[in-house]
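So that the names make sense, note that chain A is the first sequence line, chain B the second, and so on, each numbered from 1.
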There are 2 protein chains.
Amino acid sequence: MNSKEIAKIAGVSRSTVSRVINNYPNVPPDTREKVLKVIKEYNYVPHASARMLRGKSSKTIGLVIVDLKRDSDIHKIYDNVYFGPFTTAVIDFANQIGYNVLVTTVYRVKDYKKVKEIFYNKTISGAIFIGVRNNDPEIKSLIEEGFKIAIVDQEIKEGDDIFGRSIIVNMDNINGAYEATKYLINLGHKEIAHITGDLDKLSGFARLEGYKKALKEADITYDAHYIVKGNFVEESGYNAIYKLLRKVRPTAIFAANDQMAIGAMQALQELKYNVPDDVSIIGFDDITLSRYVKPALTTMSVSLFQMAELCVENLVKSIEVESEIIAKFLVSAKLIERESCRKIID
Amino acid sequence: MNSKEIAKIAGVSRSTVSRVINNYPNVPPDTREKVLKVIKEYNYVPHASARMLRGKSSKTIGLVIVDLKRDSDIHKIYDNVYFGPFTTAVIDFANQIGYNVLVTTVYRVKDYKKVKEIFYNKTISGAIFIGVRNNDPEIKSLIEEGFKIAIVDQEIKEGDDIFGRSIIVNMDNINGAYEATKYLINLGHKEIAHITGDLDKLSGFARLEGYKKALKEADITYDAHYIVKGNFVEESGYNAIYKLLRKVRPTAIFAANDQMAIGAMQALQELKYNVPDDVSIIGFDDITLSRYVKPALTTMSVSLFQMAELCVENLVKSIEVESEIIAKFLVSAKLIERESCRKIID
DNA sequence: CTGAAAGCGCTTACAG
DNA sequence: CTGAAAGCGCTTACAG
């Protein structure tokens, strides 16, 4: 079934069928009705590729999930607690406004080839990137070529930098980390360790910055011995505790995300430290799991839902208006007090 | 940049460029090299829509996530622990063999319109359905129209039923549920309750069947008072406990999935019952969360990864060979003993 | 208000 | 081995 057949049945030309489909104003109501009736009767839907070839938008955006840290384990993304919710949120918002979403994973730098291909071959009209390193050259080159791109977790720079030309949606990492650390300080802690995320990601280095800011404000001297590098996965939080405890004995820990906080809690329990009696711990992100662990994890909550909405909304806007849209967003983090931190009295 | 320009630069015709791209054998090596060089130099990728219009496959499959139970809460899928991992697994397998995946959600029956549209307008060459009710008429009609479809969790029927013409991938629900119940029986339990899933889904009624089978084999009389209907979500497991305890006092519970088991554990704890001392509980699915709750949940583990692989592999095969592929799979469930069940001595 | 025609970027029989 | 030409199914200036 194609427009030619529909035209024949309805007794009009293909031009008119097309005009009806595309809501041209110059079609008399009864002609329109007649055509619509035939379309409905035969379940006719115009061939998407033919429309695109004539310059219509693909009405499809890409969602690119980047997870470059794997060496061997190809399945780590499989139960990632962060990408899953974000993905469904993006799909829902996109579908709501008539867009399809094509999801792709990037595990190695060479996987960016897949992404470029769907841009070049016009399968997608734009894409949302999540999990990227700050200042990634692969993404930079895509933006340079004029593709519409929204990035989550990317440093917002002043001036005419190439990333300045894309849509950026960030958590308010600095303030969130600052609040988390300050919460610990207000509870009376002074020996506060920090397990960092990947420092080549904005959310990694910005949270470290927020931690430092809170310390400084409280006149607590920053001590590098209290910092352990992690990479946002649970295991790195677990390992961090063993490294940390070789050097210092903090009364509280701020982990750059919940997954590491949960890994850390596990190591702490193995070592017979009680959380929160011996050591308090606070995370960041408020993933679903955090409500369930024992003790339930105190953390900084951020709405992934809202972030997804901002990405989709602005990306689609920039695709449709064809003029360049420069949009930068900061989604705030909110303290969720649960059971993993306690007041210190000494 | 299009094939015409590439042809001009390479000094050949568009026909030859096309032959090179499509790996025709009748192109001399040096001509091929010459063309390839230009293609690479200009980052040329053929326009996907133009190729499709000429009859090439879209190399895109759909993944349709169905979640029809919502009345008001549109966001429930957001942190679904089951769809997320399955989705990433499907994407990974599909990408590995050169296919893109378009993900769509269906929350209301009318959302199937979206799905039909991407089939009709040739955006996707086939689709995987997850979360569907048994015998769903919407899917039935799609299969009838000849679309290539793989379904997770659908009853396998004998004979020439329409569903017989699709690819079906199931967990081994009956045996899994049978094993779970038998495990409880072997532990000495006789008063075993069951919290069911949606009974209009295969995984719902088949697990109930497995439960009955184990009871029967052990000569334990089936008693409807020990059955509470749930719907696979955590809250229904929580509520089930309150309903259940009004009537009976089981020493063990088999919940049709982990989410309900976890909800049930929460209710039990509220009511000051100790798990597993007062009541043992076993789940099904082995979701990530189950390792973290306290006590850690004993459950039947099924590889979503393997299920995703079977879906993708067979769907793509059926798309590519063009002959009808009828494939039915049963992925086995394996007992994972953790801390939520105990031996009964009386 | 409406139709005939051109053309989007490919692929592939056809002819040589 | 290779090019010219037709045609996939649409949309849209153009002409009337």
*Asks:* List the steps and the verdict of side-chain hydrogen bond (donor to acceptor under 3.5 Å, both in side chains) for B:N22 and B:K56.
*Replies:* CA-CA 11 Å; B:N22 292 291; B:K56 295 266 175 194; 3.2 Å; yes
*Asks:* Pick base, sugar-phosphate or nothing for A:T16, based on heavy-atom distances below 4.0 Å to the nucleic acid.
*Replies:* sugar-phosphate
*Asks:* What are the 5'-most and 3'-most nucleotides of DNA chain D lying under 4.0 Å from any heavy atom of chain B?
*Replies:* D:dC1 to D:dG9
*Asks:* How many angstroms lie between OG in B:S3 and CD1 in B:I39, if you round to the nearest 0.5 Å?
*Replies:* 9.5 Å
*Asks:* Considering the options B:I118, B:D111, B:V106, which one meets the side chain to side chain contact (heavy atoms under 4.5 Å, CB included) requirement together with B:V64?
*Replies:* B:V106
*Asks:* Go through residues 23-47 of chain B and report each residue with a non-hydrogen atom lying under 4.0 Å from DNA chain D, sorted by number.
*Replies:* B:N26, B:P28, B:T31
*Asks:* Looking at CD of B:Q306 and CZ of B:F329, how far apart are the two atoms once the value is rounded to the nearest 0.5 Å?
*Replies:* 10.0 Å
*Asks:* Could you work out, with side-chain contact (heavy atoms from CB on, under 4.5 Å) as the rule, every residue matching B:E5, not counting sequence neighbours?
*Replies:* B:M1, B:N2
*Asks:* Aromatic ring centroids of A:F86 and A:F305 under 6.0 Å?
*Replies:* no
*Asks:* Taking C:dT12 as the reference, what is the distance to C:dG16 when you measure between their C1' atoms (whole Å, please)?
*Replies:* 16 Å
*Asks:* Go through the steps for A:T88 and B:F83 under the test side-chain contact (heavy atoms from CB on, under 4.5 Å), then give the verdict.
*Replies:* CA-CA 9 Å; A:T88 33; B:F83 295 141; 5.7 Å; no
*Asks:* Decide yes or no on side-chain hydrogen bond (donor to acceptor under 3.5 Å, both in side chains) for A:N95 and B:K114, but give the supporting numbers first.
*Replies:* CA-CA 9 Å; A:N95 283 181; B:K114 292 189 300 189; 2.9 Å; yes
*Asks:* Determine the interatomic distance between P on C:dA6 and the same-named atom on C:dT2; round to the nearest Å.
*Replies:* 22 Å
*Asks:* Answer yes or no: is there a donor N or O on one side and an acceptor on the other, between the side chain of A:T87 and the main chain of A:P85, under 3.5 Å?
*Replies:* no
*Asks:* How far does CG of B:L315 sit from OG of B:S125, to the nearest 0.5 angstrom?
*Replies:* 8.5 Å
*Asks:* Would you please name every residue forming a ring pair (Phe, Tyr, Trp, His ring centres under 6.0 Å) with A:Y112, sequence neighbours left out?
*Replies:* none
*Asks:* Just checking, is any N or O donor in the side chain of B:D92 or A:T105 under 3.5 Å from an acceptor N or O on the other one?
*Replies:* yes
*Asks:* Requiring both pairing distances under 3.5 angstrom, list the stems that contain DNA chain C and are made of three or more consecutive Watson-Crick or G-U pairs.
*Replies:* C:1-3 with D:14-16, C:5-12 with D:5-12, C:14-16 with D:1-3
*Asks:* Give the ring-plane orientation class for A:F147 versus A:Y120, where under 30° counts as parallel, over 60° as perpendicular and anything between as tilted.
*Replies:* tilted
*Asks:* Please list, in numerical order, the residues of residues 1-12 of chain A that have a heavy atom closer than 4.0 Å to any atom of DNA chain D.
*Replies:* A:N2, A:S3
